[in-house]
Enquirer: 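Sharing a structure, written as structure tokens. Questions coming.
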Amino acid sequence: MAYFKSETQRANFVQREEELLEHWDKERTFERSVERRKDGEPFVFVEGPPTANGLPHPGHVLTRVVKDLVLRYKTMRGFYVKRKAGWDTHGLPVEIEVEKNLGINTKGEIEDYGIEKFNKKCKQSVFRYEKEWVNATKRVGFWVDMDDPYITFDINYMESVWWSLKEVWKKGLLYKGHKVVPFCPRCETTLSSHEVAQDYRDVEDPSVYVKFKLKQEQDLYLLAWTTTPWTLLGNIALAVHPSNTYVKVKLNASTKDETLILAEARLDALDDDYEILERFEGKALEDLEYERLFEYAKVEGGEAHKVITAEFVTLDEGTGIVHVAPAFGEVDYEVCREKKLGFSQPVNSAGHFTHEVPPLEGMFVKDADRLIIELMEQRGVLYKEAKYLHSYPFCWRCGSPLLYYARESWFIAMKSLRDGLLANNEKINWYPAHLKHGRFGNFLDGIEDWALSRERFWGTPLNIWLCTECGKDFCVGSIEELKARATNTVPSDLHRPYIDEVVLRCEDCGGDMRRVKDVIDCWYDSGSAPFAQWHYPFETDKFKQNFPADFITEAIDQTRGWFYSLLAVSTAIFDEPPYLNVLSLGHILDDKGVKMSKSKRNVVDITAIFNNEGADALRWYFYTAGPLSDDIRFSEQGILEKQKKFLNTFWNSYFFFVTYAAIDEFNPEVKVIPVAKRNAMDRWIISRWNTLTTEVIAAIERFEVHVAARKIEEFVVNDLSNWYIRRSRRRFWVPEENFDKDCAYLTLYEVLVSLCKLLAPFVPFLTEHVYLNLVRSGDEHKSVHLCDYPSPDESLIDTALEDSMLLLSTLVEAGRRTRSDAGIKIRQPLREVVIVCNAEKQDKVTSLTAILKDELNVREVTLVEASSKSEFAAVEEYKQADVDEDTTLFLNTGLDKELIEEGMVRDIVRRIQGMRKDIDLEYTAKISIMYEGDDAVKEAITNLADYIREETLAVAINEGLPSVESEQIYVKTWKIDKKEVRLAIKTA
RNA sequence: GGGCCCGUAGCUUAGUCUGGUUGGAGCGCUCGGCUGAUAACCGAGAGGCCCGGAGUUCAAAUCUCCGCGGGCCCA
């Protein structure tokens, strides 16, 4: 009875994979693989939580298989690797999706619809594609615990987020300020930068050159420029560049005695002839006061209407004097804050002027531009008006022009944590390394405070209550604390709108405290994952075992996303880095190099890939494509090639083994032969395997997955399949049992089993299938994924042998080249090959001459010193080929009758083997052969009949073809060396 | 507009950190060969302004600077 199950030559990877998914489910292989390492050293992973309100695309799959590779590898290396899945569930994208479905798009409409109902819809929406995510995750072989995931809307998760924010508050790092955000006045909604980027249009706006009259000077004006006249109502300052040259010019055309100041480089903005009166640097203007254009809006919180200096002033356009309105520009807001200037907000949240601006009251700001220009003209402060073509953002939903608008917002003072962020970053190992001090490090260097609050509905509510009497703020850090301080019932769900009803008692004045209506930026949610997924500090053990993470990986766009929010939260709360190794992946582009996106309709359907090429092929494609940090131009063709080249070759090596092992009933359990006793070929492949293992482990540890995978691929295709198995085939075909055959079987068996383990984290399906057939008893594992990762045995690495084999292959190549040049096919045996080389190389080749004879089909290999080179060079029959700088090869091309006969017979054998294959004979089936040919053919066959019988498993060879055609007889006519030969075979 | 990354044959890429013979390989193409595991393999050939320009150097795909194209993150 055969020890191994026979296989089909076609692997049918997809079907194998689907079988194994069921098998793993049934056997609970994943759970067991984790469990059996529970006493091992922990290797902590945090899953970057995806949002399941869209379909998973190839980029998500890449992330998942990279995570899987590392986690499987670490598990096999003995680490205890818990793999908790996670879902990111809050945030504006979810709300927008729901709004779309409800056909509404303003905050007012949401409130009319009801926040309670709306948030319910949001909660349902986030798991809309959960099934597709779970299926894709399982199908690709990502082993992660999706039965017990962390979910950011979970009450325990939210409570931990609240706790952490209270820690921030206690440290005095949470403050209220203004943030200038892109805002759609129609939808009454702030837009995320992603949304803003969706609809930029080139539009023509009025641009105005406005004269600001300096105080204490007669008829001296600063000439400023703006493309948004309506923002002039909120003007607080004028900015000049401190070191650029400014000029005071007298306009010749002017009827009045008028003098203007502007940047010298911008003089061509003037329409009139002018005379330069004075030159000075911008900083000479600093602190000069000017008269307001409009006396309407009130200014709070500081000085106003003076000249400041700022580096952001450019001379590319305008006048080099920039109008600054902190209510309407982020840069403006920042610079005013820095210079402790005041703030003026004459526009309401719908984008209309307030009662502070009587002539414009109630007007939409964009519509007011015309009137404002007219007003300025009447007052004589408009120098000129022009059209200005620029790119301006519009609301992607309703098409309204967006306004940049200062809104109240809560901030975390990240600037004050800058040193901590930088110090913690130093403790993190980045791959690729340049991110550490490049993109990420630079970002931390210039870190800004984190605008944490969102005036929205579906999110973790901001846990700050303000006293309606005295204005005192209080941050609630737990449900227990909420209950203790509440004057009314505390809801079981912490979401809006329920939480909005909870009123606290002010400790200072006894007044009612009401919650700030905002929710928290969902990036803060996911940044809290290291502790919130374990409900820390309300439960402590699991967090302590799982912090910091040893490893996280996501795509490069998370640098300022999750990679940052994790570090920011962890630095604020613990002053520790939340992860020690971070692997940043490139993006998946389409086959033309363009990012895949829904709107471009170039997203590849991954389920089609799973059904056509399978998960292993897809995984191998990702692993071998290039450095993980590089973008991948994704093509299904590329995946198919991986299947054909790598998976098929591996399968065929395995198929070859089980086919013959079944015939011979080879049983690996009863054979023990030390490697040292096996032949050079066996020792070579074992040495190569150990060298490979060393290299693979080193590469994975450096996250150079493509290096590891490509080395394995080379090993399988070149070393194992095309050299070891091809060279060793005949050893397996010997019918009777012998020592050499056992060595071959054992060696191939050991290499295949070890390869399964080495490859298991990469292609978990194929390796499992092969392993389950190869390792049939005697161990408790029952899965390759329960095995230890192979470790190299240094004592089996024979570098000298590997070198020799390398030399041998160059000799074979040179010999083949010589044959090809001389026009002698390889099937034609030749008398001799002479290798001219030094003693050291002779030593290397000596033990391998048998292989050389066989590969070059020559009877003798002669090794000689360089001194005899000229002897052979002089003989015409010896064709010369240079192998390397001190090695030359001579091929004796002389033929005699015996060699020609042998060549003829080898051709005939080759034809007969082909015919056996044509009619699908069993490898062991015996045949009888009939032939017709001329006398030379007949003589050759007669002389070498034994050889033919042995090679083709023939019991009889007879001249003459049967007169009657028969279905049992297969006849074919061949041309061999211009001779016609007819051959017939039938089963004996 | 700024920062970071990428650009090598028709395609996928090695080599770039650490400058040094004639820039390797696979797929595809042409010709020849081999083959009872292989849809595989072997040999030969065609196919490279190493994105462009300037600089450093005895020497540049490699180092520096300036552009161009693509990607990402910001503005």
Side-chain angles (χ1 to χ4, degrees), chain A residues 7 9-11 193-194 196-197 312 314 316 329-331 391 432-443 445-446 448 555-561 563-564 584-589 591-595 621 624-627 629-633 635 637-638 640-646 648-660 706-707 710 713-714 717-718 721-723 725-726 728-730 732-733 748 809 812-821 823-828 855 857 885 906 909-910 912-918 920-925 951-953:
Chain A
E7 292 281 9
Q9 179 140 18
R10 290 279 152 263
S193 57
H194 169 73
V196 172
F312 65 74
T314 65
D316 299 337
E330 189 170 354
V331 176
S391 156
H434 62 77
L435 289 176
K436 181 172 186 165
H437 296 119
R439 184 189 284 208
F440 196 69
N442 291 341
F443 173 59
D445 260 338
E448 297 287 339
I556 177 88
D557 54 284
Q558 295 300 328
T559 313
R560 293 184 187 198
F563 295 159
Y564 170 67
S584 164
L585 307 177
H587 284 120
I588 305 290
L589 312 177
D591 55 359
K592 291 173 194 68
V594 180
K595 193 193 177 185
Y621 171 76
T624 52
S629 52
D630 282 4
D631 291 344
I632 295 173
R633 277 196 189 199
S635 84
Q637 186 59 32
L640 185 64
E641 275 164 22
K642 284 300 166 190
Q643 190 201 58
K644 280 158 66 171
K645 176 165 187 146
F646 177 67
N648 254 338
T649 307
F650 182 65
W651 177 266
N652 285 321
S653 303
Y654 158 73
F655 174 72
F656 173 84
F657 173 81
V658 287
T659 302
Y660 287 97
H706 69 296
V707 173
R710 285 172 178 186
E713 183 169 302
E714 276 171 36
V717 174
N718 297 336
S721 176
N722 288 330
W723 193 246
I725 296 181
R726 185 167 66 77
S728 306
R729 272 185 296 202
R730 293 186 158 268
F732 295 90
W733 295 342
L748 183 53
S809 70
V812 170
E813 276 172 32
R816 293 237 176 98
R817 204 159 53 228
T818 317
R819 271 182 170 275
S820 180
D821 290 347
I824 303 170
K825 59 190 177 182
I826 292 171
R827 237 179 269 123
Q828 175 61 57
E855 286 290 314
N857 195 15
E885 64 273 14
R906 281 193 56 158
V909 167
R910 153 87 192 100
I912 292 170
Q913 303 290 35
M915 290 168 71
R916 287 184 61 117
K917 200 175 179 181
D918 284 347
D920 273 335
L921 282 189
E922 292 291 320
Y923 294 166
T924 49
E951 288 294 310
T952 63
L953 298 183

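Side chains are part of it too, since the values below use all heavy atoms of this structure and drop only hydrogens, waters and symmetry mates. Proteins come first, then strands; the chains are lettered A, B, ... in the order of their sequence lines, and each starts at number 1.
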Enquirer: Scan every strand shown for a Watson-Crick or G-U wobble partner of C72(B), both distances under 3.5 Å, and answer none if you come up empty.
Expert: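 G3(B) is the nucleotide pairing with C72(B).
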
Enquirer: Quantified in whole Å, what is the C1' atom distance between nucleotide C50(B) and nucleotide G69(B)?
Expert: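 Going atom to atom, C1' in each nucleotide, I get 16 Å.
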
Enquirer: Write down the distance separating the P atoms in G23(B) and U18(B), rounded off to the nearest Å.
Expert: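 It comes out at 23 Å once rounded to the nearest Å.
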
Enquirer: Which listed nucleotide (A37(B), A39(B), C74(B)) is nearest to the side chain of Phe655(A)?
Expert: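 Nearest nucleotide to the side chain: A37(B).
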
Enquirer: Work out how far the C1' atom of U64(B) is from that of C72(B), and round it to whole angstrom.
Expert: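 Pairwise C1' distance, U64(B) against C72(B), rounds to 25 Å.
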
Enquirer: For Phe646(A), which residues count as a ring pair (Phe, Tyr, Trp, His ring centres under 6.0 Å) partner, sequence neighbours excluded?
Expert: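 Ring pair (Phe, Tyr, Trp, His ring centres under 6.0 Å) check on Phe646(A) returns Trp620(A).
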
Enquirer: Listed by chain and number, what are the side-chain hydrogen bond (donor to acceptor under 3.5 Å, both in side chains) partners of Gln828(A), not counting sequence neighbours?
Expert: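 So Gln828(A) forms no side-chain hydrogen bond (donor to acceptor under 3.5 Å, both in side chains) with any residue.
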
Enquirer: Which part of the nucleic acid, if any, lies within contact of Arg729(A), taking any heavy atom under 4.0 Å across all strands shown: a base, the sugar-phosphate backbone alone, or nothing?
Expert: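 If one applies the 4.0 Å heavy-atom cut-off, Arg729(A) turns out to touch a base.
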
Enquirer: For the side chain of Thr559(A) and the backbone of Ile556(A), is there at least one donor-acceptor N/O pair under 3.5 Å apart?
Expert: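 Indeed, once roles are kept as given, a pair shorter than 3.5 Å links the two residues.
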
Enquirer: Contact class for Ala555(A) vs. all strands (heavy atom < 4.0 Å): base, sugar-phosphate, or nothing?
Expert: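 No contact at all - Ala555(A) keeps every heavy atom at 4.0 Å or more from the nucleic acid.
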
Enquirer: Between Asn857(A) (CG) and U35(B) (C1'), how many Å, whole number?
Expert: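 Asn857(A) atom CG is separated from U35(B) atom C1' by 14 Å.
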
Enquirer: Does Phe657(A) have its ring centroid less than 6.0 Å away from the ring centroid of Phe732(A)?
Expert: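 For Phe657(A) and Phe732(A), the ring centres are not under 6.0 Å apart.
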
Enquirer: Select base, sugar-phosphate, or nothing to describe what Ser629(A) touches, counting heavy atoms under 4.0 Å on all strands.
Expert: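 Result for Ser629(A) = nothing.
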
Enquirer: Figure out the CD/P separation between Glu714(A) and U13(B), and round it to whole Å.
Expert: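 Going from Glu714(A) (CD) to U13(B) (P), I get 16 Å.
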
Enquirer: Whom does G45(B) pair with, Watson-Crick or G-U wobble, provided both distances fall under 3.5 Å?
Expert: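 Paired with C29(B).
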
Enquirer: Residues two or more places apart in sequence or in another chain: which of them pass side-chain hydrogen bond (donor to acceptor under 3.5 Å, both in side chains) with Asn648(A)?
Expert: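 By the side-chain hydrogen bond (donor to acceptor under 3.5 Å, both in side chains) rule, Asn648(A) matches no residue at all.
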
Enquirer: For C63(B), what is the paired nucleotide under Watson-Crick or G-U wobble rules, both distances under 3.5 Å?
Expert: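 Here C63(B) is engaged in a pair, and the nucleotide opposite it is G55(B).
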
Enquirer: So if I take every side-chain heavy atom of Arg906(A) and compare against C72(B), A37(B), U35(B), which nucleotide ends up nearest?
Expert: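 For the Arg906(A) side chain, the nearest candidate turns out to be U35(B).
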
Enquirer: Using the ring centroid of each side chain, check whether Tyr654(A) and Phe650(A) are separated by less than 6.0 Å.
Expert: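 Between Phe650(A) and Tyr654(A), which both carry aromatic rings, the centre distance is not below 6.0 Å.
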
Enquirer: Given U38(B), G3(B), U35(B), which nucleotide is nearest the side-chain atoms of Arg910(A)?
Expert: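 Minimum distance to the Arg910(A) side chain belongs to U35(B).
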
Enquirer: Quick check for you: among C34(B), C41(B), G71(B), whose closest atom lies nearest to any side-chain atom of Arg726(A)?
Expert: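 Among the listed nucleotides, the one closest to the side chain of Arg726(A) is C41(B).
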
Enquirer: If pairing requires Watson-Crick or G-U wobble contacts with both distances under 3.5 Å, which nucleotide is the partner of A9(B)?
Expert: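 None - no nucleotide pairs with A9(B), as no candidate has both distances under 3.5 Å.
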
Enquirer: Specify the residue among Ile826(A) and Asn718(A) whose closest nucleotide of RNA chain B lies further upstream toward the 5′ end.
Expert: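 Residue closer to the 5' terminus by nearest nucleotide: Ile826(A).
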
Enquirer: Quick check: any donor-acceptor pair below 3.5 Å linking the side-chain of Ser721(A) to the base of A37(B)?
Expert: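 Answer yes: a donor N or O sits under 3.5 Å from an acceptor.
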
Enquirer: Whether the side chain of Asn857(A) engages the backbone of Arg827(A) through a donor-acceptor N/O pair (distance < 3.5 Å, no angle test) should be reported.
Expert: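 Here the side-chain-to-backbone pair exists.
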
Enquirer: Rounded off to whole Å, could you give me the CG-to-P distance for the Leu435(A) and G3(B) pair?
Expert: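 Whole-Å distance recorded here is 16 Å.
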
Enquirer: RNA chain B: Thr649(A) or Gln828(A), which has the more 5' nearest nucleotide?
Expert: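 It is Gln828(A), whose closest nucleotide lies nearer the 5' terminus.
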
Enquirer: By the 4.0 Å heavy-atom rule, please label Gln913(A) as base, sugar-phosphate, or nothing.
Expert: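 Base, at least one base heavy atom under 4.0 Å.
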
Enquirer: Salt bridge check, Glu951(A) against Arg906(A): does any charged N sit closer than 4.0 Å to a carboxylate O?
Expert: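 No, no charged N to carboxylate O under 4.0 Å.
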
Enquirer: Counting side-chain heavy atoms from CB outward, which of U38(B), C72(B), C74(B) is closest to Arg439(A)?
Expert: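 From the listed options, C72(B) comes nearest.
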
Enquirer: Sequence neighbours excluded, which residues qualify as salt bridge (charged side-chain N to carboxylate O under 4.0 Å, His left out) partners of Arg560(A)?
Expert: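 By the salt bridge (charged side-chain N to carboxylate O under 4.0 Å, His left out) rule, Arg560(A) matches no residue at all.
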
Enquirer: CZ of Arg817(A) versus P of C41(B): gap in Å, rounded?
Expert: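 Taking CZ of Arg817(A) and P of C41(B), I get 20 Å after rounding.
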
Enquirer: Applying side-chain hydrogen bond (donor to acceptor under 3.5 Å, both in side chains), can you list everything that pairs with Tyr621(A), at least two apart in sequence or on another chain?
Expert: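 Not a single residue meets the side-chain hydrogen bond (donor to acceptor under 3.5 Å, both in side chains) criterion with Tyr621(A).
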
Enquirer: Rounded to whole angstroms, how far apart are CZ on Arg560(A) and C1' on C72(B)?
Expert: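 Taking atom C1' of C72(B) as the reference, CZ of Arg560(A) is at 10 Å.
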
Enquirer: Rounding to the closest angstrom, what is the interatomic distance between G45(B) and G19(B) at atom P?
Expert: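 About 32 Å, rounded to a whole number of Å.
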
Enquirer: Which heavy-atom pair separates Glu7(A) from Phe655(A) by the least distance, and what is that distance?
Expert: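 It is O-CE1, 3.1 Å.
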
Enquirer: Using the C1' atom in both, what is the distance from G48(B) to G24(B), to the nearest Å?
Expert: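 The answer is 12 Å between these two C1' atoms.
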
Enquirer: The side chain of Asn442(A) lies closest to which of these nucleotides: G26(B), G3(B), C34(B)?
Expert: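 Closest nucleotide among those given: G3(B).
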
Enquirer: Starting at NZ of Lys917(A) and ending at P of U35(B), how long is that distance when rounded to a whole Å?
Expert: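 Rounded to whole Å, this separation is 12 Å.
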
Enquirer: Please determine whether a side-chain nitrogen or oxygen atom of Arg819(A) lies at a distance below 4.0 Å from atom OP1 or OP2 of A44(B).
Expert: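 Arg819(A) to A44(B) OP1/OP2: no side-chain N or O under 4.0 Å.
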
Enquirer: Between U16(B) and G55(B), how far apart are the two P atoms, rounded to whole Å?
Expert: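 My reading of the P atoms in U16(B) and G55(B) gives 26 Å.
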
Enquirer: Among C72(B), G33(B), A14(B), find the nucleotide with the atom closest to the side chain of Pro627(A).
Expert: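 Of the options given, the side chain of Pro627(A) lies nearest A14(B).
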
Enquirer: Look at the side chain of Arg816(A) and decide which nucleotide, out of G71(B), C42(B), A14(B), has an atom nearest to it.
Expert: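 Closest nucleotide among those given: C42(B).
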
Enquirer: When we call it a touch if two heavy atoms are under 4.0 Å apart, what does Arg10(A) touch: a base, just sugar-phosphate, or nothing?
Expert: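 The residue Arg10(A) makes base contact.
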
Enquirer: Write down the distance separating the P atoms in G15(B) and C51(B), rounded off to the nearest Å.
Expert: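 It comes out at 15 Å once rounded to the nearest Å.
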
Enquirer: Would you mind classifying the nucleic acid contact of Trp651(A) as base, sugar-phosphate or nothing, using non-hydrogen atoms under 4.0 angstrom?
Expert: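 If one applies the 4.0 Å heavy-atom cut-off, Trp651(A) turns out to touch nothing in the nucleic acid.
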
Enquirer: Assign Tyr660(A) to base, sugar-phosphate, or nothing according to its heavy-atom contacts below 4.0 angstrom with the strands shown.
Expert: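 The residue Tyr660(A) makes sugar-phosphate contact but no base contact.
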
Enquirer: Taking the same atom, P, in C49(B) and in G53(B), what whole-Å distance lies between them?
Expert: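 These two P atoms come out 12 Å apart once rounded.
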
Enquirer: So what does Ile725(A) touch, heavy atoms closer than 4.0 Å: a base, only the sugar-phosphate, or nothing?
Expert: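 Base contact - Ile725(A) has a heavy atom under 4.0 Å of at least one base atom.
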
Enquirer: Calculate the interatomic distance between Phe656(A) atom CZ and A40(B) atom P; express it in whole Å.
Expert: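 In whole Å, A40(B) P lies 19 Å from Phe656(A) CZ.
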
Enquirer: Measuring from the side chain of His434(A) (C-beta onward, heavy atoms only), which nucleotide among C5(B), G71(B), C34(B) has the closest atom?
Expert: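 Closest nucleotide to the His434(A) side chain: C5(B).
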
Enquirer: With respect to the side chain of Glu813(A), which nucleotide from C4(B), C42(B), G71(B) is positioned closest?
Expert: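 Per side-chain heavy atoms of Glu813(A), the pick is C42(B).
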
Enquirer: Enumerate all atom pairs, one protein N or O and one N or O from nucleotides 9-11 of chain B, separated by less than 3.5 Å.
Expert:
none

Enquirer: Pairing check on U18(B): which nucleotide meets the Watson-Crick or G-U wobble criteria with it, both distances under 3.5 Å?
Expert: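 None - no nucleotide pairs with U18(B), as no candidate has both distances under 3.5 Å.
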
Enquirer: Taking atom P of U12(B) as reference, at what distance in whole Å does atom OH of Tyr621(A) sit?
Expert: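 Distance check: Tyr621(A) OH to U12(B) P gives 9 Å.
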
